[in-house]
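Accompanying notes for the structure given below.
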Protein chains: 2
Amino acid sequence: MDNKKIEKISRALSDTNRIAILQEFKKKKDCLYCAEVNDLLDLTQPSVSHHLKQLVDADLLVPQKEGRNFKYLLNETVLNEYIACLNSLKD
Amino acid sequence: MDNKKIEKISRALSDTNRIAILQEFKKKKDCLYCAEVNDLLDLTQPSVSHHLKQLVDADLLVPQKEGRNFKYLLNETVLNEYIACLNSLKD
DNA sequence: TTCATATATTCAAATATTTCGATGTGTATT
DNA sequence: AATACACATCGAAATATTTGAATATATGAA
């Protein structure tokens, strides 16, 4: 994982709304529906859409279309790679 | 560690210049001098000062005055706490 | 096909970040 | 004391981010 990718993931994580989205996966088992994120955040629908896009663009979330709904999966592989980069800072 | 703190650390990490500073600790043994950071980055001194401030404000670096020089230590405790928060997203 | 629902996109305003030149502050050297 | 050095702060310009209103697109239901 190069530094541009680390930068992008860090930026995706640098917003409490987006952190709250990721933490919601702890309560939900596997996936999170777009509508659930709209309920979770105190923001309009376009703003929520914007935040979800940041997380998807950083590959932290994987979107899946389901009829006219969207659901998101947490990309643990990318999260683990990011964590490994942070751990490597410590020698 | 609350979400505001996670946001702040993530933001501190969301810049390739600051990532490069942290990675420089891998080459250096224990601490990094301000002058070394000035040499490392292709930026003016005020810009470097700004980036170091972001890292210090996020508690990722601990500044130590040494005469008229400044040296920085990596705060592994905070880095570990941050990594623990990220790991907890996966449960 | 028509209508309603779910989500994305566009646009603009407000705010935040990055950068650098100029300057300030503190410390060592002479 | 005068000067030089190391770093911080200020001010302004350029750019990026966040937000919401308006609108577009895609899908399912009637």
Across nucleotides 20-30 of chain D, 5' to 3', mark each nucleotide with B, S or - according to how protein heavy atoms within less than 4.0 Å reach it. BBB---SBB--
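Taking for each of B/L52 and A/Q54 the nucleotide of DNA chain D with the nearest heavy atom, the 5'-most of the two is the partner of B/L52.
Residues satisfying the side chain to side chain donor-acceptor pair (under 3.5 Å) test with A/E66, not counting sequence neighbours, are A/Y33, A/K71. With sequence neighbours left out, the side chain to side chain donor-acceptor pair (under 3.5 Å) criterion links B/N3 to A/Q23. With sequence neighbours excluded, the residues forming a side chain to side chain donor-acceptor pair (under 3.5 Å) with B/T44 are B/S47, listed by chain and number. For B/E76, the salt bridge (charged side-chain N to carboxylate O under 4.0 Å, His left out) criterion is met by no residue, not counting sequence neighbours. With sequence neighbours excluded, no residue satisfies salt bridge (charged side-chain N to carboxylate O under 4.0 Å, His left out) with B/K8. Not a single salt bridge (charged side-chain N to carboxylate O under 4.0 Å, His left out) links A/K26 to another residue, sequence neighbours left out. B/E7 pairs by the side chain to side chain donor-acceptor pair (under 3.5 Å) definition with B/K4, not counting sequence neighbours.
Bounding nucleotides for the chain B contact on DNA chain C, 5' to 3', at a heavy-atom distance below 4.0 Å, are C/dT17 to C/dA28.
Between the side chain of B/R11 and the backbone N or O of A/S14 there is at least one donor-acceptor pair closer than 3.5 Å.
For residues 78-87 of chain A, every residue pair satisfying the side chain to side chain donor-acceptor pair (under 3.5 Å) rule, not counting sequence neighbours, is listed here: A/S10-A/Y82, A/N80-B/K90, A/Y82-B/Y82, A/N87-A/K90.
If you check every strand for non-hydrogen atoms under 4.0 Å, B/H50 touches a base.
Taking side-chain N and O atoms only, B/S49 has no distance below 4.0 Å to OP1 or OP2 of D/dC7.
Atom P of nucleotide D/dA8 and atom NE2 of B/H51 are separated by 13 Å, given to the nearest angstrom.
Listed in residue order, the members of residues 9-16 of chain B having a heavy atom less than 4.0 Å from DNA chain C are B/R11, B/D15.
The other residues sharing a hydrophobic cluster with B/V62 are B/L73, where clustering joins ILVMFWY side chains under 4.5 Å apart.
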